[in-house]
Novice: 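Handing you this structure, nothing more for now.
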Amino acid sequence: MIEFFFDCSSPWTYLAFHNIQPLARELGAEIVWRPILVGGIFNTVNPSVYAQRETPVPLKARYMKKDLADWARSAGLAIKMPPTVFPVNSVKAMRGCIWLGKDIVPFATAVFETYWGGDKDISQDTVLAEICRKVGIDEQKFFAGISDQTIKDQLKINTEEVVARGGFGSPTIFLDKTDMYFGNDRLPLIRAALMRSKPSAA
């Protein structure tokens, strides 16, 4: 089993979300999607992210922009970095992911595409309504659902859980509960671990 803790406000998470799905299908692994708020993680255990944004190292920042563009090209994704609104408040989008449960993937995909590819502010109700229409979700039910206290609480619980298990950002990925990986570029290691865990042919 693959547990995928994620927030749609991260470009590297967009890449991992896109890339891990064919990997899981190929190896017959189930993905359990665990929406979180990465800002809550940064506030709790990784505030250095904010300092890095305020005083970036110019050479490293230039390379990271190239690196992201290279990964996006490799995956066939459109990613504008930075988008016009960055960082973005993704709380309503991530509550929507919680509310949708097992039907999460089309919505989360559309949120990623709308923010990173379409450069639209996913904190806005009008943008979320547009995403709902795109993937066939009833807008009124969506906004009522994400206002439910149980949904709000579950997003907080997920965020606290990943911190308690050692996570410090998005995406944080676990295999079999305890084997943790962070980031899109760890997918080859995840593949190797899944291959090791497959039963040997008789």
Novice: Which pair of non-hydrogen atoms, one from Ala110 and one from Val135, has the smallest distance, and what is that distance?
Specialist: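 That closest heavy-atom pairing would be CB-CG1, 3.8 Å.
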
Novice: Does atom OH (Tyr63) have a neighbourhood of more than 12 heavy atoms from anything else shown, all under 6.0 Å?
Specialist: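 For Tyr63, atom OH is not crowded (no more than 12 foreign heavy atoms under 6.0 Å).
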
Novice: Taking only residues two or more places apart in sequence or in another chain, which ones pass side chain to side chain donor-acceptor pair (under 3.5 Å) with Thr126?
Specialist: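 Side chain to side chain donor-acceptor pair (under 3.5 Å) check on Thr126 returns nothing, list empty.
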
Novice: Heavy atoms, side chains only, cut-off 4.5 Å: are Leu15 and Leu187 in contact?
Specialist: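 Side-chain contact under 4.5 Å: no.
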
Novice: What are the two closest non-hydrogen atoms of Leu37 and Asp7, and how far apart are they?
Specialist: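 Closest approach of Leu37 to Asp7, heavy atoms only: CA-OD2, 3.4 Å.
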
Novice: Would you say the side-chain atoms of Asp121 pair up with the backbone N or O of Val85, donor to acceptor, closer than 3.5 Å?
Specialist: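 It does not hold such a pair.
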
Novice: Which residue is it: Asn184, Ile79, Leu77? I am looking for the one with a side-chain contact (heavy atoms from CB on, under 4.5 Å) to Pro11.
Specialist: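 Testing Pro11 for a side-chain contact (heavy atoms from CB on, under 4.5 Å) against Asn184, Ile79, Leu77 leaves exactly one candidate, Ile79.
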
Novice: Is there a side-chain contact (heavy atoms from CB on, under 4.5 Å) between Ile31 and Phe17? Walk through the geometry before answering.
Specialist: CA-CA 10 Å; Ile31 301 175; Phe17 178 88; over 6 Å; no

Novice: Is the closest basic N to carboxylate O distance between Lys156 and Asp153 below 4.0 Å?
Specialist: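 A salt bridge is absent here (no side-chain N lies under 4.0 Å from a carboxylate O).
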
Novice: Which atom pair, heavy atoms only, marks the closest approach of Ala193 to Asp179?
Specialist: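 Taking Ala193 first and Asp179 second, the nearest heavy atoms are CB-OD2, 4.1 Å.
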
Novice: Where do His18 and Ala75 come nearest, in terms of heavy atoms and distance?
Specialist: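 Result for this residue pair: NE2-O, 3.2 Å.
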
Novice: Not counting sequence neighbours, list each pair that qualifies as a salt bridge (Lys or Arg N to Asp or Glu O under 4.0 Å) and has a residue in residues 77-95.
Specialist: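 Those involving residues 77-95 are Lys80-Asp119, Lys92-Asp125.
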
Novice: Among all residues two or more places apart in sequence or in another chain, which pass the side chain to side chain donor-acceptor pair (under 3.5 Å) test with Thr44?
Specialist: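 Thr44 satisfies side chain to side chain donor-acceptor pair (under 3.5 Å) with no other residue.
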
Novice: Does Gln140, at its CD atom, have more than 12 non-hydrogen atoms belonging to other residues, nucleotides or ligands within less than 6.0 Å?
Specialist: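 Not more than 12 within 6.0 Å, no.
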
Novice: If you round to the nearest 0.5 Å, how far is CG of Leu128 from OG1 of Thr114?
Specialist: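 If I round to the nearest 0.5 Å, the distance is 9.0 Å.
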
Novice: Any side-chain heavy atom of Arg53 within less than 4.5 Å of one from Pro87?
Specialist: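 Yes, their side chains come closer than 4.5 Å.
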
Novice: Given Phe107 and Trp99, is the side-chain contact (heavy atoms from CB on, under 4.5 Å) satisfied, shown in steps?
Specialist: CA-CA 11 Å; Phe107 176 77; Trp99 176 70; over 6 Å; no

Novice: Check whether Ile98 and Phe143 end up in the same hydrophobic cluster, where Ile, Leu, Val, Met, Phe, Trp and Tyr are linked by side-chain heavy atoms less than 4.5 Å apart.
Specialist: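 Yes, it is one cluster - the side chains of Ile98 and Phe143 are joined through contacts under 4.5 Å.
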
Novice: Are Ile137 and Asp103 close enough, and set up right, to give a side-chain contact (heavy atoms from CB on, under 4.5 Å), and what steps lead you there?
Specialist: CA-CA 10 Å; Ile137 296 169; Asp103 299 324; over 6 Å; no

Novice: Report yes if the side chains of Val49 and Val38 come closer than 4.5 Å at any heavy-atom pair, otherwise no.
Specialist: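 Result no, sub-4.5 Å side-chain heavy-atom pair not found.
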
Novice: Is any side-chain heavy atom of Met94 less than 4.5 Å from a side-chain heavy atom of Asn158?
Specialist: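 Met94 does not reach Asn158 side chain to side chain.
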
Novice: Parallel, tilted or perpendicular, judged at 30° and 60°: which one describes the rings of Phe4 and Trp33?
Specialist: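 The arrangement is perpendicular - the two ring planes meet at more than 60°.
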
Novice: Could you go through the side-chain contact (heavy atoms from CB on, under 4.5 Å) check for Leu175 and Tyr181 one step at a time?
Specialist: CA-CA 8 Å; Leu175 303 182; Tyr181 299 85; 3.8 Å; yes

Novice: Between Tyr115 and Tyr14, is the gap from one ring center to the other below 6.0 Å?
Specialist: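 Centroid distance Tyr115-Tyr14: not below 6.0 Å, so no.
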
Novice: What is the minimum heavy-atom distance between Ala129 and Glu139, and which atoms define it?
Specialist: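 Heavy atoms only, the tightest pair is CB-OE1, 3.4 Å.
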
Novice: Does the side chain of Met81 come within less than 4.5 Å of Pro83's, by heavy atoms?
Specialist: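 Heavy-atom side-chain distance check passes, below 4.5 Å.
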
Novice: What pair of heavy atoms forms the shortest contact from Phe142 to Cys132, and how long is it?
Specialist: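 Heavy atoms of Phe142 and Cys132 come nearest at CG-SG, 3.5 Å.
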
Novice: May I have all residue pairs that pass salt bridge (Lys or Arg N to Asp or Glu O under 4.0 Å) and include part of residues 10-27, sequence neighbours excluded?
Specialist: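 Checked against salt bridge (Lys or Arg N to Asp or Glu O under 4.0 Å) - neighbours excluded - the pairs reaching residues 10-27 are Glu26-Arg191.
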
Novice: What's the spacing between Asp67 CG and Lys60 NZ if we round to 0.5 Å?
Specialist: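 The NZ atom of Lys60 is 11.0 Å from CG of Asp67, to the nearest 0.5 Å.
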
Novice: Measure the spacing between CZ of Arg165 and CD of Glu3 and express it to the nearest 0.5 Å.
Specialist: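 With rounding to 0.5 Å, CZ (Arg165) is 4.0 Å from CD (Glu3).
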
Novice: In chain order, what residues pass the side chain to side chain donor-acceptor pair (under 3.5 Å) check against Thr172, with sequence neighbours excluded?
Specialist: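 Per chain and number, Thr172 pairs via side chain to side chain donor-acceptor pair (under 3.5 Å) with no residue.
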
Novice: How far does CG of Asp176 sit from CD1 of Ile2, to the nearest 0.5 angstrom?
Specialist: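 It comes to 9.5 Å.
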
Novice: Any side-chain to backbone donor/acceptor pair from Ser170 onto Thr13? Under 3.5 Å, distance only.
Specialist: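 No, Ser170 side chain to Thr13 backbone: no donor-acceptor pair under 3.5 Å.
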
Novice: Who clusters with Ile41? Use side-chain heavy atoms, under 4.5 angstrom, across I, L, V, M, F, W and Y, and order the result by chain and number.
Specialist: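 Taking Ile, Leu, Val, Met, Phe, Trp and Tyr as members, Ile41 shares its hydrophobic cluster with Phe5, Ile36, Val45, Val162, Val163, Phe168, Phe174, Met180, Phe182.
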
Novice: Grouping I, L, V, M, F, W and Y whenever their side-chain heavy atoms are under 4.5 Å apart, do Leu194 and Leu189 come out in a common cluster?
Specialist: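 Cluster IDs for Leu194 and Leu189 match.
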
Novice: Check whether any side-chain heavy atom of Pro35 sits under 4.5 Å from a side-chain heavy atom of Phe6, and report yes or no.
Specialist: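 They are in side-chain contact.
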
Novice: Determine whether a donor-acceptor pair (N or O, by modelled atom type, separation under 3.5 Å) exists between the side chain of Thr159 and the backbone of Leu155.
Specialist: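 Side chain of Thr159 to backbone of Leu155: a pair is present.
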
Novice: Under 3.5 Å, side chain of Ser90 to main-chain N/O of Cys8, donor-acceptor pair present?
Specialist: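 The answer is no, because no donor-acceptor pair under 3.5 Å joins these two groups.
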
